[in-house]
2 protein chains.
Amino acid sequence: MSRKNTREAIVEMADRLFYEHGYEHSSFADIGDAVGISRGNFYYHFRTKDEILEAVIGRRLEQTAALLAQWNQESPAPRERIARFIEILITNQAKIMRHGCPVGTLCGELAKLDHPFLPMANQLFSLFRDWLSRQFVALGRADADVLAMHLLVRSQGVAVLANAFRDEAFVRREVRMACDWLDGELSREPVKIQASATSPTV
Amino acid sequence: MSRKNTREAIVEMADRLFYEHGYEHSSFADIGDAVGISRGNFYYHFRTKDEILEAVIGRRLEQTAALLAQWNQESPAPRERIARFIEILITNQAKIMRHGCPVGTLCGELAKLDHPFLPMANQLFSLFRDWLSRQFVALGRADADVLAMHLLVRSQGVAVLANAFRDEAFVRREVRMACDWLDGELSREPVKIQASATSPTV
DNA sequence: GTCTATATGTAGATAGAC
DNA sequence: GTCTATCTACATATAGAC
């Protein structure tokens, strides 16, 4: 390898292959061949497959945090920031139609495998959830987390169905509907959440 | 096996294991052990793993069609029928929180594997889509398919996030929000869909 | 129809030369 | 750091006895 950092090259390729073909379906041979190294060399950098998965999730967590920080910088207004989240469905449309959402599909696969790194992968969702929630808080919403989760619901649902039906017009339409929903919500007065139960014993 | 039909027992167990642990992660040994037959006997009934997958998808297609027919019988009003679709998120809540939506996770996995039976699995989505669309048509909506797809978006998004966060209150709340959305939609006048493009050359 | 035994391929993982 | 050779485990799949 002429690369300065083989380890980085492995993680980058594993990240891509895990997304495109799934974690379980991506073998050491697949990753090694794609990077251009032997399996033996592979094991010099990672002793187990779980180690690679951990590195990939760590990388995604870093990149997601960086993306959100970038959105914070580029869009001062919370309303615009939320819109950028919704629009990633358009920005990454081609990949989402082919492979689904990188976060949703990884968490789904690890849940099926009952994998110990599932909680770590779920932190990817939490990054978006908490960031969205902060934007709604900044807009004075008491039900910020409810709205944040609802936007996650819409984006995940669109990703799943975009992957199944591969219909660009559908994605654009749902993005428009989500933006309309956002406008509608933000034109209301802030609403207090009702307590979920009155009995203290439950 | 004391069962009358071993083949049926295999398909039934494979259906369950594919749902709980994924298609690729469920081996012949797993299925055979769970049913209580040897691997040799297994191959008497199914020559390849794809054959079992085909049988499982076929079974799900039949059961889904039967479920929709049952809803048609039990609920004459389209509005109530649509509500029943939304409420499967509550009915199957425990399973969805553990393993996600059976349809969404199967289609997602087969998409990753680029599996030839992906189109067949996607028909599961189409069954719900078309059925929902017919209900909205019965309610006089010109944009019936748009509304049907939107309900699929919501249910798939809730399933993905219920699987990740395992939060019952979240599921109940989103179901309520979906019902509210439905009420809001059905209290409007029917809306014509705009043509997606004016140019006939595109 | 069901079983045991076995063939064959491929996965993850290791040892040791260079 | 990188390679080749190798090991072990397990997956799909087959053959043939009962």
Side-chain angles (χ1 to χ4, degrees), chain A residues 1-58 106 109-110 112-118 120-121, chain B residues 1-58 106 109-110 112-118 120-121:
Chain A
M1 276 304 290
S2 59
R3 290 237 207 175
K4 200 180 65 182
N5 198 337
T6 301
R7 189 192 156 92
E8 277 305 305
I10 292 173
V11 176
E12 192 179 324
M13 186 55 72
D15 189 352
R16 178 177 163 183
L17 293 182
F18 289 175
Y19 176 41
E20 293 182 356
H21 306 302
Y23 169 66
E24 200 171 20
H25 197 59
S26 302
S27 69
F28 281 22
D30 292 334
I31 304 169
D33 289 354
V35 174
I37 61 168
S38 69
R39 245 167 301 171
N41 188 8
F42 203 108
Y43 276 87
Y44 173 80
H45 296 281
F46 296 96
R47 273 202 297 267
T48 69
K49 201 179 179 185
D50 280 3
E51 267 187 40
I52 313 174
L53 177 60
E54 190 173 20
V56 166
I57 299 175
L106 179 64
E109 181 175 4
L110 297 186
K112 292 267 189 233
L113 304 184
D114 203 17
H115 197 284
F117 287 161
L118 173 60
M120 188 180 179
Chain B
M1 276 303 290
S2 59
R3 291 237 206 175
K4 200 180 67 183
N5 198 339
T6 301
R7 187 192 157 93
E8 278 304 307
I10 293 173
V11 176
E12 193 178 325
M13 185 57 70
D15 189 352
R16 179 176 163 182
L17 293 182
F18 289 176
Y19 176 40
E20 293 182 357
H21 307 300
Y23 169 66
E24 199 170 21
H25 196 60
S26 304
S27 69
F28 280 22
D30 293 334
I31 303 170
D33 288 353
V35 174
I37 60 167
S38 69
R39 246 163 299 172
N41 190 5
F42 203 106
Y43 277 87
Y44 172 80
H45 296 281
F46 296 95
R47 274 202 296 268
T48 68
K49 203 179 179 185
D50 281 2
E51 267 186 40
I52 311 172
L53 178 60
E54 189 174 19
V56 166
I57 299 175
L106 179 64
E109 182 175 3
L110 297 186
K112 292 269 190 232
L113 304 185
D114 203 18
H115 197 284
F117 286 161
L118 173 60
M120 189 180 178

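Only a predicted model underlies this, so the values are computations on that prediction, with no experimental measurement involved. Just so it is clear, the values below take in all heavy atoms, side chains as well, and ignore hydrogens, waters and symmetry mates. Proteins get letters first, then strands, A, B, ... in listed order; numbering begins at 1 in each.
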To the nearest Å, how far apart are I52(A) CD1 and dA11(C) C1'?
-> 13 Å
Phosphate OP1/OP2 of dT2(C) contacted by H45(B) side-chain N/O (<4.0 Å) | yes
Find the distance H25(A):NE2 to dT12(D):P and express it as a whole number of Å.
-> 13 Å
What integer distance in Å separates D30(B):CG from dT12(D):C1'?
-> 13 Å
Taking all atoms of both residues into account, what is the closest heavy-atom pair of F42(A) and R39(A), and its distance?
-> CB-O, 3.0 Å
Closest heavy-atom pair and its distance - R7(A), F46(A) = NH1-CE2, 3.5 Å
Of all the nucleotides listed (dC3(C), dA13(C), dA13(D)), which has the minimum atom distance to the side chain of Y43(B)?
-> dA13(D)
Pairwise 5' ranking along DNA chain C for A29(A) and G40(A), keeping only the more 5' one = A29(A)
All heavy atoms of H21(A) vs all of H25(A), minimum pair found to be O-CB, 3.1 Å
Rounded distance in Å - CZ (F46(A)) to P (dA13(C)) | 13 Å
How long is the line joining NE2 of H21(A) and P of dA11(C), in whole Å?
-> 13 Å
Figure out the CG/P separation between D50(B) and dA13(D), and round it to whole Å.
-> 8 Å
Of the nucleotides dT4(D), dT12(D), dA13(C), which one has an atom closest to the side chain of T48(A)?
-> dA13(C)
Does Y44(B) have a side-chain nitrogen or oxygen under 4.0 Å from the phosphate oxygens OP1 or OP2 of dG1(C)?
-> yes
Looking at N41(B), does any N or O in its side chain come under 4.0 Å of the phosphate oxygens OP1/OP2 on dG1(C)?
-> no
Verify whether the ring centers belonging to Y43(B) and F28(B) lie closer than 6.0 Å.
-> yes
Can you check whether S27(A) has a side-chain N or O nearer than 4.0 Å to OP1 or OP2 of dT10(C)?
-> no
Check the distance between dG1(C)'s P and I37(B)'s CD1 and give it to me in whole angstrom.
-> 13 Å
What are the two closest non-hydrogen atoms of L17(B) and S26(B), and how far apart are they?
-> O-OG, 3.2 Å
note: F28(B), atom CZ; dT8(C), atom P; distance rounded to Å ~ 18 Å
